[in-house]
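If you're wondering where the values come from, they're calculated on a predicted model, not measured in any experiment.
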Amino acid sequence: MADARRAISRARRIVVKVGSSSLTSAAGGELDIARLTALVNALSGRRSEGAEIVLVSSGAIAAGIGPLGMSTRPSDLARQQAAASVGQGVLLSAYDRAFGRHGHTIGLVLLTVDDVTRRTSYTNAKRTFDSLLDLGVVPIVNENDTVATHEVRFGDNDRLAALVAQLVGADGLVLLTDVDALYTAKPGTPGAERVAVVTEPAELEAISIGGTGSAVGSGGMTTKVEAATIAGAAGIPTVLTSADQIAGALAGEDVGTVFHPQRRSRGSRALWLAHATTPRGSVQIDEGAVTALRDRGRSLLPAGITGVTGSFVDGDPVDVVGPDGAVIARGLVNYTSGELPHLMGRSTKELAAEIGPQYEREVIHRDHLALL
């Protein structure tokens with residue numbers, strides 16, 4: 001536990017995610033400048049010590065609630081986007097003033113799912129972050145709520161923060177919420193105890209994780225644990241705690257819950273496939289193909305496919321589903337959903353002889369496949 005916390009305290013590049021509930025008033029759900037300022041003071045202290053800070057901040061929609069005269073967070077996407085459009089300026093202005101008092105410059109980075117799922121956009125986003133950090137800027141990151149649709153959105157900033165941490169090569173991730181740590185049961189429940197450390201993801205199976213988020217936010221404890229797991233797979237230690245304990249978390253104190261990185265971190269390609277892509281469909285495979293993928297590291301061939309669902313084209317990410325219905329992998333497919341039904345169950349040599357040599361290829365090459 002000490003090693004992971006020490007790694008956070010010594011991290012030179014840190015991603016911090018703060019949720020809407022940590023930036024808004026409990027009464028009306030409007031932006032709370034005092035809370036925001038307290039957060040910025042702690043981050044600026046670490047920035048002045050030489051660390052690079054990337055802040056993934058929710059709150060744009062919440063910040064727009066007051067100016068638009070809304071009483072609660074809107075439920076429909078169009079009104080959420082309107083609130084985000086108004087609130088983003090309010091939120092950024094508040095951050096600009098707060099960081100400016102410490103002599104730090106901020107820059108806004110709005111991302112959509114495509115920016116971290118499509119390889120060309122991913123590379124461009126990484127280049128942008130590297131340039132901002134080299135210039136001493138504190139990037140303020142948020143999902144681009146004003147243009148994202150239900151089909152292509154993160155849905156919460158926890159997953160976004162973990163993916164940004166992997167993208168920028170962060171040394172640590174801090175997730176701030178309105179709960180001070182992960183507990184063995186719902187906080188306040190008799191017998192509920194703080195989980196100080198999670199060494200392996202399997203330890204989470206014995207913990208009751210729930211919660212769907214606050215009235216102004218969209219995430220819950222489940223999404224935060226998933227984010228910590230994504231970061232851990234990239235070799236990044238994570239601390240989960242409340243916003244008022246940010247200083248202690250950055251200093252490596254025994255606050256919140258620390259998630260150790262996995263001993264064998266996954267490569268960036270596998271992480272991108274497993275966590276940053278959104279499947280456009282799925283292919284069902286037989287038990288023999290499951291064994292070939294899991295135990296032998298083979299590519300997926302047409303002979304092992306038993307079914308196809310969804311609509312996708314060559315190069316799209318798809319889930320690979322075993323006979324029991326469990327998703328075992330995700331990869332980039334080499335055929336369209338219209339082609340595959342005519343090929344499944346047949347060998348590549350048979351297809352090449354009957355249809356043409358262009359069909360003597362894998363459905364998903366092992367280099368473009370990530371086991372889940």
Side-chain angles (χ1 to χ4, degrees), residues 1-9 11 14-24 26 35 39 42-43 55-58 154-166 170-263 265 274-275:
M1 178 173 66
D3 290 342
R5 294 191 185 278
R6 189 178 302 115
I8 295 287
S9 69
I14 309 167
V15 173
V16 177
K17 183 265 176 180
V18 61
S20 300
S21 59
S22 300
L23 295 174
T24 54
R35 287 186 170 192
L39 169 66
L43 297 180
L55 177 59
V56 178
S57 177
S58 302
F154 294 96
D156 64 80
N157 275 349
D158 298 309
R159 178 175 170 230
L160 172 59
L163 293 171
V164 167
Q166 186 266 329
D171 305 307
L173 171 64
V174 180
L175 301 173
L176 302 177
T177 182
D178 51 2
V179 181
D180 65 345
L182 177 65
Y183 282 80
T184 54
K186 184 177 180 179
T189 303
E193 299 180 351
R194 175 175 75 102
V195 179
V197 57
V198 176
T199 305
E200 297 288 345
E203 298 171 11
L204 297 167
E205 295 176 4
I207 300 172
S208 175
I209 302 170
T212 56
S214 68
V216 295
S218 59
M221 191 56 71
T222 300
T223 66
K224 291 163 182 57
V225 170
E226 289 173 349
T229 302
I230 293 172
I236 302 170
T238 301
V239 171
L240 167 65
T241 191
S242 56
D244 58 2
Q245 299 202 56
I246 176 63
L250 292 174
E253 297 175 7
D254 184 17
V255 298
T257 301
V258 65
F259 295 79
H260 282 245
Q262 294 178 19
R263 291 184 179 88
S265 61
H275 301 295

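Residues I230 and Q166 have side chains not in contact (no heavy-atom distance under 4.5 Å, counting atoms from C-beta outward). No side-chain heavy atom of D171 sits under 4.5 Å from any side-chain heavy atom of I14. Residues L43 and L250 form a side-chain contact, since some pair of their non-hydrogen atoms from C-beta on lies under 4.5 Å apart. The shortest distance between side-chain heavy atoms of P237 and R5 does not fall below 4.5 Å. Here the side chains of V18 and S57 are in contact, with some heavy-atom distance below 4.5 Å. Inter-residue side-chain proximity for L23 and L39 is flagged as met; some heavy-atom pair is nearer than 4.5 Å. Between D254 and R194 the shortest side-chain heavy-atom distance falls below 4.5 Å. Looking at Q245 and E253, their side chains never come closer than 4.5 Å, going by heavy atoms from C-beta outward.
Distance alone, capped at 3.5 Å, is enough to place a donor-acceptor pair between the T257 side chain and the V195 backbone. For R35 (side chain) and T24 (main-chain N/O), a donor-acceptor pair under 3.5 Å exists by modelled atom type.
Distance NZ/K224 to CG/L173: 11.5 Å, rounded to 0.5 Å. Note that CG of D3 and CD1 of I8 are 12.0 Å apart. Values are rounded to the nearest 0.5 Å. Here CG of L176 is found 9.5 Å from CG of D244. Values are rounded to the nearest 0.5 Å.
Screening L240, V258, T241 for a side-chain contact (heavy atoms from CB on, under 4.5 Å) involving L182 leaves a single residue, L240.
Pairing each heavy atom of S22 with each of A243, the nearest pair is CB-CB, 3.8 Å. Nearest heavy-atom pair across V197 and E203 is O-OE1, 4.0 Å. For the residue pair G191 and T184, the shortest heavy atom distance occurs at O-OG1, 3.9 Å. Looking at every heavy atom in both residues, A42 comes nearest to I246 through CB-CG2, 3.6 Å. The two atoms that bring S58 and S20 nearest to each other are CB-OG, 3.4 Å, heavy atoms only. When all heavy atoms of L175 and A161 are compared, the pair lying nearest together is CD2-CB, 4.3 Å.
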